[in-house]
2 protein chains.
Amino acid sequence: MAVTLKEVAERAGVSRSAVSRTFTDGASVSDKMRRKVEKAAKELGYSPNALASSLTTGRTKLIGLVSNNFHNPIFLEVFDLFTRGLQDRGLRPLLVNLTDETDPENSVRMLRQYSVDGVVVASSTLPPGFAKAFRDAGVPVVHSFGRASSAPQVHVVGIDNVECGRMAARELIERGYTHLGFMGGPEGATSTQDRYTGFMSEMSANPGIKASYSFADAYSFDAGRREMLRLLKNSPAQAYFCGDDVLSIGALSAIDDSGLACPDDIGLIGLNDMEMSRWENIDLTTIHQPIRQIVTSSIELMVAMLDDPERYPETRIFPCSIVERGTLKAEV
Amino acid sequence: MAVTLKEVAERAGVSRSAVSRTFTDGASVSDKMRRKVEKAAKELGYSPNALASSLTTGRTKLIGLVSNNFHNPIFLEVFDLFTRGLQDRGLRPLLVNLTDETDPENSVRMLRQYSVDGVVVASSTLPPGFAKAFRDAGVPVVHSFGRASSAPQVHVVGIDNVECGRMAARELIERGYTHLGFMGGPEGATSTQDRYTGFMSEMSANPGIKASYSFADAYSFDAGRREMLRLLKNSPAQAYFCGDDVLSIGALSAIDDSGLACPDDIGLIGLNDMEMSRWENIDLTTIHQPIRQIVTSSIELMVAMLDDPERYPETRIFPCSIVERGTLKAEV
DNA sequence: TGCAATTTTGCAACCGGTTGCAAAATGGGT
DNA sequence: ACCCATTTTGCAACCGGTTGCAAAATTGCA
């Protein structure tokens, strides 16, 4: 089928090693030899088999890109950035879509069968143990958007979700709201848990403030919408911190439908600063999560791991900041 | 590093072939042998190297999933469906993100180096020649969301975009609009071109109707928004067919901002029927594109191709239908 | 129990490359 | 032209599996 190294060698009248060396940079080949081989290779349309070579070199340049988040549009950007970034470094993303049913062990096995050089786990809704399973299998792992830990088992790149929760609460309090609401994403997600923790810690520091909380069952528009519709039926808080922009935008649409308006009737602050948040008719006040930096840093870390698999696990936390737009009332 | 077949063989005290056979289904192994081998394998934590075996079997079970569409949220669903569908069949998607700069030849070479068993091109904005490049390289190709052709060079699964254009135009005319607008996606995309052709063909059949057209520079919210803002500055049409829901929703936000309303001031019909279109505060009348069926069918076709690479190229077109919601005025 | 038919097993070659090592070729200096 | 140091080349073994073939083991049946 495909042209092999042997055929090129025969055509060029040289040894197989010679051909191999012309296609391995850093190998010693004379100019004459190189020209001969390249000529034969071009004539035959030869291109080396990356998998066969991986057998001896031990590197496949395959990186498992594992996620379970195929509903939050922000992840389309995440995939975009990851695939481009990996490609630019000559690495190939093998995409793994974890569903609720998939057994972590299964994906670990599969990725090991394909001898991936490393694994990027891109999700804030997976248990930390998941990323660990790869590490235990001896595969370099970077957990992007994972939970910060003071004693990380694997490399983690992300934000300080606890601090984000605090930041949101402080902002709402400063704006003069006295009854706050926390509307989180799925309760099992570490990101949700941490944001909740931060938010509530600020509550205990401000006893005069009343707080309520609830959780949407996914990081998606629909879930946010449904949850806000539910909240509006009872006595809603004055302002909500939504665990993600998609939830906020869903909530916004629910508020809209109920004949209410932001910020006049209800305040809203999100998290992520996705593209849509900037639209003039949405104009969502939100906490900016530096996606691009997180992805870039994750890739750098992965590349570093490939050079030194023993590298000590590291946590990289990027600062978030509030982007003020129009869904909170002006400071009093 | 990893446990190899040889080590398992030694531990079990059998030949390497025996071990290989226990892990190849359909091979002849006695129960006793199988038990011995499985015991040793479990003790050592052995799992076969898929790439090494691909060397002799000629199958990697890798499928190149090639796209350039990382901005339209509908594609997150497309990726979700593709990855899940492929995984369910034991195939592994190798994701390739084509940017404007990437040379098709380059990706072809890369995917051949990894000996992918097949390639799915998921894009309506790539030239047909792109998919052909893979076919020419002897790799099974399915072009999903590609242009229908009566003499297909590769398998194509998608919709009849020309018919969709016609359908949209007819709908608008039936509703009594007399000045119609076509707001397409990127002009170079075959999907845009075909929808335009269909739309305009209906125009020439109805000489009383006035039509104008323009193109957004990407299938994205922002592009739709920008384009509609531009249109609104001059004398806009009474109703627009937007080449995609994301464009429509962007346009909707522009209309909103300008103090106008749908359908009272301007009518809008989209294409795709994405999740957001159903939101009550968007409530977009649109043409439903059966994404799920297209993906499922693409995967089936790919699997069929793996069995019979010589299979004659086929075009599979799925019917679209109008989903009536609230962005067009009622019939007169 | 003996014998032929059938199943199971191991040998060895192969898949498409890489690489350590020694032999061959080249280059420099006198 | 000769000798030695350096570079280039080919041989052969190896990476982790698979598979055709023949030998060995098992089975069925008389």
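Within every chain, numbering begins at 1; the chains are lettered A, B, ... in the order of the sequence lines, protein sequences first and strands thereafter.
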Electrostatic pair B:Lys39:B:Glu43 at N-O distance under 4.0 angstrom:
yes
Any sub-3.5 Å donor-acceptor pair from B:Arg92's side-chain atoms to B:Gly64's backbone N or O?
no
Listed by chain and number, what are the ring-ring contact (aromatic ring centres under 6.0 Å, His included) partners of B:Tyr219, not counting sequence neighbours?
none
At what angle, to 10 degrees, do the two end axes of the helix from C:dT1-D:dA30 to C:dT30-D:dA1 meet, given five pairs define each axis?
30°
With sequence neighbours left out, what residues match A:Arg34 under salt bridge (charged side-chain N to carboxylate O under 4.0 Å, His left out)?
A:Glu38
What do you reckon, are the aromatic ring centroids of B:Phe75 and A:Phe70 less than 6.0 Å apart?
no
When you measure from the side chain of A:Glu7 to the backbone of A:Thr4, do you find a donor-acceptor pair of N or O atoms at a distance under 3.5 Å?
yes
B:Thr56 or A:Thr56, whichever maps to the more 5' nucleotide of DNA chain D:
A:Thr56
Minimum heavy-atom distance between A:Val116 and A:Thr60, given as atom pair plus value:
CA-OG1, 3.9 Å
Go through residues 24-46 of chain A and report each residue with a non-hydrogen atom lying under 4.0 Å from DNA chain D, sorted by number.
A:Ser28, A:Val29, A:Ser30, A:Met33
So, B:Asp194 and B:Arg147, do they make that salt bridge, N to O below 4.0 Å?
yes
Salt bridge A:Asp80-A:Arg84, side-chain N to carboxylate O under 4.0 Å:
yes
Near DNA chain C, under 4.0 Å by heavy atom, which residues of residues 11-22 of chain B?
B:Val14, B:Ser15, B:Ser17, B:Ala18, B:Arg21
Contact boundaries of DNA chain C with chain B (under 4.0 Å, heavy atoms), 5' to 3'?
C:dT8 to C:dG16
In this structure, CG of A:Leu95 is separated from CZ of A:Phe79 (nearest 0.5 Å) by 5.5 Å
Can you tell me if A:Thr315 uses its side chain to pair, donor with acceptor, with the backbone of A:Ser149 under 3.5 Å?
yes
Would you check if the side chain of B:Ser30 reaches a backbone N or O of B:Met33 as a donor-acceptor pair within less than 3.5 Å?
yes
